[in-house]
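Shown next, in structure tokens, is the structure this report addresses.
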Amino acid sequence: MDSLWPKIEPLLLAVQKPARYIGGEQGARRPVHGEGRVAWLLLYPDAYEVGLPNQGLQILYEILNERPDALAERAYAPWTDMEAAMRAAGVPLFSLENHLPARAFDVVAFNVSAELVYTNLLNLLDLGEVPLHAAERTAADPLVVAGGHCAYNPEPLADFVDAFVLGDGEEVVGEVTDVLGPWLAEPAAVLDRRAVLCDLARIEGVYVPALYEPRYEGGRLVAVEPVVPDVPERIEKRTVADLADWPYPRHQLVPLTEVVHDRLNVEVFRGCTRGCRFCQAGMITRPVRERPADQVRQMVRDGLERSGYEEVALTSLSTADFSGIEDTVREIVEDPRHGERVSVSLPSLRVDAFTVGTAAQIQRVRRTGLTFAPEGGTWRMRRVINKLIREEDLYSAVDAAFGQGWRRVKLYFLIGLPTERDEDVLGIAELGRRCVEVGLRHQRSVTVVASVGGFVPKPHTPFQWFGQDTVGELHRKVALLREAARGVRGLTVRWHDPEASAAEGIASRGDRRVGAVIERVWRAGGTFQEWSEHFDLTRWQEALAAEGLSLEDVCHRERDADEVLPWDHISAGLHRDFLWDDWQQALAGAVVEDCRWTPCYDCGACTGFGLEHVVASPVPPAGGSQGTGQDLSAGDRVPVRLVTGTRP
Amino acid sequence: MTDPLTRHRRRFRYGKLGKIRFTSHRDVARMWERALRRSGLPVAWSGGFSPHPLLSFGLALPTGAESTAEYIDVTLDGDPGTDQSSEDAHDLAKRIGFLLPEGIDVLATAVVAEGAGSLQQEVSSCSWDVEVQGLAAEELATRVGRFLAAPRVVVRRERKGRPVEDDVRPAVLALEPVAPQRLRAELATRPRGVRPQELLSGLGVDLALVRACRRHQWIDRDGIRCEPLALSGEVAQGCTS
Ligand code: SF4
């Protein structure tokens, strides 16, 4: 097929940020299409500047392009002005490398890491002239694949996606290519789409929703069962055993225009066993697999040299937990090859002074703000969510931050958590107020921002049974918090839109019937739902009503132990019993320790797959309670004397 | 001649052609910053609270326009030696060009004489090739004639996000149709510059911009027009000295 560029070019003079549509990033490939190569279009269903840095997509992009029998190009969601221009000019969704239409590809594969992008996914299929519903597609249409964290409850997208990939994608993309290659070599007339779907469903970690049917009784889901033989009743996720085998991306894309996280990113480990009960990412990516420190240094060195970046982020769910993090960081900063100005950022700081000391050592250039995530306003609350940060850890971290020249501290909190009482919400203001006090000992004026989000329970976590707070209740709590923070100079409260949390809840825990709701929201014009200027909850409420569903039933209702959950046929490795027990423990305020350094409690993530943690250090990192995690007895005491030193 | 190992300013002339013309002026600045870091050239840094590399970009090129006459001045600490022979300058231009994305081509480089003004201060006009559509050739020629004869041509344009009405006629130093759908213009950059799109508004609402390319930037030295860095031949042809 011919490049669409001559038709795209005239549109670009009249749209915002036209560089989103030209490709040409450093590291981008220009693959040659042809016989014997399975053509993948990798899509991130959000704006270019949000999607480009996505590392998961870049990893698969490289792996596929390295194969002689595959190729991959990329696309992102065109912004609304460009979409309008494309539709008016009859230009379909196109790839950035060769500017080919989506239909020129054999596979259209989405990275779905947030629920609010679901309507964008539908929009991109439509813009790509791919039939919206899986059931309407023929052998002439591309195969629609989706992976990413949202695949762990695939049901809301089941009508639109041919195959979901669960878990790490590094190996599976190759296996899917192996299945598709011979099939695509057949003459089109004899192609049997259903047969290939059955073949795909036999790949471990691949879920083909058309081969499974939900059953309802009295308006409630009672089962999702296979309708063909030889496919698994329960689909297990895929896990890459050793990150050292996958040093990707090797050529991180360096964009020509501004994007979020515009820096080198090196993933230092995958998985987290801190056991925070609200955190889906931590639960579904177990066990912990560290990249060898040597490989980290090599990837940093090569990446900086190749890209010209002078900032590198060491990424993971909790980078301060990487074995020997201080040594690794120091060696990067002191490596003369990197020049004097390279800075390292740790996107997820642990809350203790020790970590701040490391941060001070490495954030040499810009020292504007530090972010911590205590998540809960009181120790009781933090026990319920198993985020075991003592108050003195927070104060000593904040003390160290202001003492070492940072001017702004941002604290992340959740509201609407299980068992939450008003005093827990008010505790957020109290913590914030005390952090300001700590800061004023070092600086004449300081800024503490308490950023609160409404909690959305996620599948495959101990909180998957919990009844999400209503929009009204979240608004009430935000008002309570704002009232309490009023008059505290230096403390600012920011909050996420409770309406958006409700919509996220629908897409997170809905069953297959929610697909029709998403379609209605999209047809009513609801794209870019993550962007507040495009979001409107009434579209979702109307769509729910039209489908005979309610927010109460999908989001706010607490589930009991026997209820079949829409994702029960999907496995993230975690035993359902483990999750239920952890849920009961949460309600009782009992905590669990990190299994990296204490005995395994058999959540299932390792034991079920013959895997184990890959960590270089058998002992927990030094530091506060979050470091050792174990001295929990003193947690609810407000310290009388605050730590004033800058380093422990 | 500058002492070796001292602070000096090196000027690069580069082009911006093809798809990359849809990146912004700031985007191009970032491309240069990354390329210079990779080059290992001893770029000097400012002091102060937020240190930054001493790079100075000339007049912003509108997003979407092409150019064969963009400039950047880079302050370097160290031996300016490479421009002593044009061969060395050629190699350096090639080496830096290799580190920049496709479409950004380094065309020439030379050391700027001490005490010379900045690009922003010195450049007073630019030559443009503008491809248009919407009018037949004769009608276009008539409009150009009428434009040049008019004492004032008021157009609506944006300034700091607000619509304003300005007389653009004084800033149009030369204008002629050179092909059926092509204009060549020389537009002043001071006191307030005119963009090709604004020029077209002055010629009529039925004229659409297809493509614009900046061919030259001009410095006026006592009535003699020269470029900040000429493209071929001796370095001395330009205005770096
Ligand atoms: S199986 Fe055991 S060691 Fe592995 S993540 Fe679960 S609790 Fe930890």
Side-chain angles (χ1 to χ4, degrees), chain A residues 3-6 8-28 30 48-49 82 96-99 252-259 262-264 302-312 336-343 364-368 405 407, chain B residues 16-55 61-66 77 96 98-104 130-134 195-197 200 207-212:
Chain A
S3 165
L4 292 168
W5 180 250
I8 295 165
E9 195 173 19
L11 309 180
L12 296 184
L13 281 173
V15 298
Q16 293 172 43
K17 303 187 189 174
R20 288 162 164 167
Y21 312 108
I22 62 174
E25 302 87 348
Q26 188 195 321
R30 287 292 292 274
Y48 177 83
E49 55 270 34
M82 181 62 173
L96 292 189
E97 280 75 4
N98 288 312
H99 290 95
Q252 185 185 305
L253 296 173
V254 181
L256 300 178
T257 188
E258 210 162 4
V259 300
D262 197 2
R263 61 192 179 202
L264 181 68
D302 292 350
L304 290 175
E305 207 167 284
R306 196 174 279 135
S307 64
Y309 278 128
E310 55 179 1
E311 182 185 354
V312 54
R337 276 167 294 199
H338 300 159
E340 281 163 43
R341 297 179 194 275
V342 71
S343 73
R364 297 194 289 195
V365 188
R366 279 170 294 128
R367 205 171 273 198
T368 46
R407 317 179 73 81
Chain B
K16 186 183 184 189
L17 296 169
K19 288 178 184 166
I20 207 158
R21 74 181 185 280
F22 292 109
T23 59
S24 70
H25 190 63
R26 286 191 52 202
D27 292 336
V28 174
R30 274 189 296 266
M31 292 171 208
W32 270 97
E33 285 173 18
R34 287 192 299 261
L36 288 167
R37 277 200 289 271
R38 292 170 70 200
S39 74
L41 285 184
V43 177
W45 279 59
S46 72
F49 184 70
S50 62
H52 53 271
L54 293 173
L55 310 179
L61 182 71
T63 300
E66 293 186 304
D77 281 326
I96 303 296
F98 182 73
L99 299 174
L100 285 159
E102 193 185 326
I104 304 283
V130 186
E131 203 184 314
V132 297
Q133 67 181 26
R195 297 171 161 236
Q197 181 63 64
L200 296 198
L207 201 57
L209 180 78
V210 175
R211 229 174 158 106

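Throughout, protein chains are lettered first and strands after them, A, B, ... in sequence-line order, and every chain is numbered starting at 1. Quick caveat, the model's predicted, so the values are computed rather than measured.
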Is Arg34(B) reaching over with its side chain to a backbone N or O of Tyr309(A), donor-acceptor style, under 3.5 angstrom? no
Please state whether the side chain, the backbone, both or neither of [X] comes within less than 4.5 Å of a heavy atom of chain B.
X: Glu25(A); value: neither
X: Arg306(A); value: backbone
X: His338(A); value: neither

[X] versus chain A, the contacting section by heavy-atom distance below 4.5 Å:
X: Val210(B); value: backbone
X: Ile20(B); value: both
X: Ser24(B); value: neither

Counting heavy-atom pairs closer than 4.5 Å to chain B, which one of Pro18(A), Pro10(A), Gly24(A) comes out on top? Pro18(A)
Within the 4.5 Å heavy-atom criterion, are [X] and [Y] side-chain neighbours or not?
X: Thr63(B); Y: Leu13(A); value: no
X: Glu258(A); Y: Arg30(B); value: yes
X: Arg38(B); Y: Glu305(A); value: no
X: Leu256(A); Y: Phe22(B); value: no
X: Pro51(B); Y: Arg341(A); value: yes
X: Glu9(A); Y: Arg21(B); value: yes

Report the distance from atom CG of Asp27(B) to atom NZ of Lys17(A), rounding to the nearest 0.5 Å. 10.0 Å
